[in-house]
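Written out below as structure tokens is the structure these notes cover.
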Amino acid sequence: MAKHPVVELTSEASWNLVEDKFTPYGKETLAKLVTFLQDDVYPCVRLAHAQIPKDPVERWNTVIPVVQELKVKARKLGLWNLFLSKAHYPEHGVPLSNLEVWVYPVYVASPGDSTLNVMGLQYSDEGGQIASEAVNCSAPDTGNMEVLARYGSPDQQKKWLTPLLNGEIRSAFSMTERYVSSSDARNIKTSIRREGNDIVINGHKWWISGAGDPRTRVHLVLGKSDPDHPGQVTNSTASWSYLQTLPEYASFDPWRCSATTTRRKDISTTVEFGFGLGEGFRGAASYALDLMIQRVTDPARKTFGKYLYEHDTVVAEIAKSRAEIEGARLLVLSAALQIDKYKAKGAVERNWHCQ
């Protein structure tokens with residue numbers, strides 16, 4: 001029997017851990033994805049960068065043509081919205097289990113390239129970012145679509161979810177705030193209060209995923225509807241005004257599209273756009289290891305007549321790094337399997353690592 005194409009990108013032992021949990025459709029889709037990435041996405045990385053305008057204003061108003069071409073091809077191949085499991089989102093998902101969905105970003109990697117984050121879980125190298133958008137699995141759209149699919153009203157789903165699922169628009173997500181440790185949502189200071197038929201939002205957000213994309217049409221904001229209740233976080237959408245774009249690692253990245261914004265005092269939006277007050281709430285490591293291996297096998301970097309990898313301490317650190325990455329992969333797959341068995345909340349109650 002021929003080996004599955006994904007074996008070339010990971011190892012036969014790793015694939016054997018999950019192969020029996022894949023349906024024939026899941027195996028076929030994964031094989032098509034591997035071929036699409038190798039034959040279509042990787043060769044377009046340089047072209048995609050060449051199509052990004054140098055002008056700082058024009059670049060934020062440009063949709064990269066070759067990525068749009070890849071999206072058309074991916075959809076024809078059935079490589080579309082692969083992050084959304086039908087088992088958990090029956091009306092909108094694809095016929096893949098949660099485990100199958102998560103195997104894609106965990107295993108689809110190749111030497112010299114980062115783990116391709118096709119589920120949009122952010123971020124690795126440029127190939128991964130192009131791949132994730134090509135198959136409509138880019139952050140922050142994936143998470144926003146899950147929120148809309150699970151909690152959105154029929155009107156919200158028609159207005160925002162369907163165009164997102166079709167890849168017609170993009171979205172943004174505002175959580176991070178400048179003056180608080182906002183990775184813990186309970187620390188968020190942005191307020192959301194009801195006034196008649198409207199909700200009023202006050203706050204200052206920055207590092208907003210997707211804010212710089214010219215196709216962004218819906219913006220999810222995290223804020224508190226009850227400031228005296230530290231555990232309560234609400235999702236909403238509203239108008240905003242941009243102050244500036246922010247660089248990441250000294251560059252303005254058109255795929256991350258982060259920006260800092262301010263919410264004008266007492267911005268008001270109709271309550272129709274809220275999800276209900278009080279109801280809210282690896283790839284870089286693999287790429288770094290690839291770069292490490294390139295460096296230690298480079299003849300120009302020999303020391304004391306040896307390749308760097310021939311020094312015991314260096315090869316020990318490489319082995320340790322690989323073990324840590326594999327351990328992280330197994331935790332992801334274990335969490336995905338538990339979610340398939342017990343749904344998200346049940347998995348969290350049974351396994352701390354599912355968080």
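Note that these values count all heavy atoms, side chains included, but never hydrogens, waters or copies made by symmetry.
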*Would you confirm whether Ser209, through its side chain, and Ala172, through its main-chain N or O, come within 3.5 Å as a donor-acceptor pair?*
no
*asked:* I'd like to know if the side chain of Asn61 reaches the main chain of Val57, judged simply by a donor and an acceptor atom lying under 3.5 Å from each other, with no hydrogens or angles considered.
replied: yes
_Main-chain N/O of Arg186 paired to Lys224 side chain as donor or acceptor, under 3.5 Å_ = yes
*Same cluster or not: are Val41 and Val72 linked, directly or through other Ile, Leu, Val, Met, Phe, Trp or Tyr residues, by side-chain heavy atoms under 4.5 angstrom apart?*
no
_Less than 4.5 Å apart, side chain to side chain, heavy atoms only: is that true for Phe83 and Glu146?_
yes
_Cationic tip of Lys302 above Tyr307 ring, under 6.0 Å, 45° of axis_ = yes
*Looking at side-chain heavy atoms only, is the closest gap between Leu70 and Ile130 below 4.5 Å?*
yes
*If you look at every heavy atom in Tyr309 and Val296, which pair is closest and at what distance?*
CD2-O, 3.2 Å
_Tell me whether Lys21 is salt-bridged to Glu19, with the criterion being a basic N under 4.0 Å from an acidic carboxylate O._
no
*Nearest 0.5 Å, what's the CZ-CD distance between Arg59 and Gln51?*
13.5 Å
*asked:* Would Leu96 and Lys86 count as a side-chain contact (heavy atoms from CB on, under 4.5 Å) here? Give the steps.
replied: CA-CA 6 Å; Leu96 296 169; Lys86 197 174 188 68; over 6 Å; no
*Are side-chain heavy atoms of Thr313 and Glu317 found at a separation under 4.5 Å?*
no
*Would you sort out whether Leu165 and Trp80 count as a side-chain contact (heavy atoms from CB on, under 4.5 Å), showing the intermediate values?*
CA-CA 9 Å; Leu165 289 171; Trp80 198 253; 5.8 Å; no
*Measuring from Lys32:NZ to Leu30:CG, what's the distance to the nearest 0.5 Å?*
11.5 Å
*Start with the C-alpha gap between Lys205 and Thr190, add the side-chain angles, then the distance that decides, and say whether side-chain contact (heavy atoms from CB on, under 4.5 Å) holds.*
CA-CA 8 Å; Lys205 301 285 189 179; Thr190 295; 3.3 Å; yes
*Tell me, do Glu310 and Val315 make a side-chain contact under 4.5 Å, heavy atoms counted?*
no
*So which heavy atom on Val135 is nearest to which on Phe36, and how close?*
CG1-CE2, 4.1 Å
*What are the two closest non-hydrogen atoms of Leu164 and Leu148, and how far apart are they?*
CD1-CD1, 3.9 Å
*Is the closest side-chain heavy-atom distance between Ser174 and Leu220 below 4.5 Å?*
no
_Single-linkage hydrophobic cluster Leu33~Val45, side-chain heavy atoms < 4.5 angstrom_ = yes
*Of the non-hydrogen atoms in Val218 and Trp160, which two are nearest, and what is the gap between them?*
CB-CE3, 3.5 Å
*Check whether Leu84 and Tyr151 end up in the same hydrophobic cluster, where Ile, Leu, Val, Met, Phe, Trp and Tyr are linked by side-chain heavy atoms less than 4.5 Å apart.*
yes
*Is the backbone N or O of Glu168 less than 3.5 Å from a side-chain atom of Asn166, with the two atoms forming a donor-acceptor pair by type?*
no
*Partners of Tyr89 by ring pair (Phe, Tyr, Trp, His ring centres under 6.0 Å), sequence neighbours excluded?*
none
*Starting from the C-alpha separation in whole Å, work towards a yes-or-no answer on side-chain hydrogen bond (donor to acceptor under 3.5 Å, both in side chains) for Gln157 and Thr162.*
CA-CA 6 Å; Gln157 290 180 352; Thr162 299; over 6 Å; no
*Measure from the side-chain N and O atoms of Arg217 to the backbone N and O of Pro214, and report whether any donor-acceptor pair falls under 3.5 Å.*
yes
*N/O donor-acceptor pair under 3.5 Å between Thr62 side chain and Ile64 backbone*: no
*Measure from the ring center of Trp206 to the ring center of Tyr179 and say whether it is less than 6.0 Å.*
no
*Looking at Ser171 and Asn144, what are the two nearest heavy atoms and their distance?*
OG-ND2, 2.8 Å
*Mind checking whether Arg295 and Arg301 have side chains closer than 4.5 Å, heavy atoms only?*
yes
*Ignoring hydrogens and angles, tell me if any N or O in the side chain of His4 forms a donor-acceptor pair with the backbone of Lys27 under 3.5 Å.*
yes
*asked:* Under a 3.5 Å distance rule, please check whether Thr216 uses its side chain to pair with a backbone N or O of Gly212 as donor and acceptor.
replied: no
_Please check this pair: side chain of Lys71 against backbone of Asn136, looking for a donor-acceptor N/O pair closer than 3.5 Å._
no
*Answer with yes or no whether the hydrophobic clustering places Leu47 together with Ile52; edges join I, L, V, M, F, W, Y residues whose side-chain heavy atoms lie under 4.5 Å apart.*
yes
*Do Arg215 and Glu133 sit within salt-bridge range, that is, some charged N less than 4.0 Å from a carboxylate O?*
yes
*Can you list the steps and then say if Val200 with Arg194 is a side-chain contact (heavy atoms from CB on, under 4.5 Å)?*
CA-CA 6 Å; Val200 179; Arg194 190 190 299 271; over 6 Å; no
_Rounded at 0.5 Å granularity, tell me how far CD in Gln294 sits from CG in Asp298._
9.0 Å
_salt bridge (Lys or Arg N to Asp or Glu O under 4.0 Å), that's the test. Do Arg322 and Glu324 meet it? Break it down for me._
CA-CA 5 Å; Arg322 171 52 65 194; Glu324 289 173 344; over 6 Å; no
*Could you tell me whether the side chain of Asn187 and the main chain of Ser182 form a donor-acceptor pair under 3.5 Å?*
no
_Close side-chain approach of Ile325 and Leu289, heavy atoms under 4.5 Å_ = yes
*Measure the shortest side-chain to side-chain distance between Arg170 and Ser138 over non-hydrogen atoms and say whether it is less than 4.5 angstrom.*
yes
*So which heavy atom on Leu161 is nearest to which on Ala149, and how close?*
CD2-CA, 3.7 Å
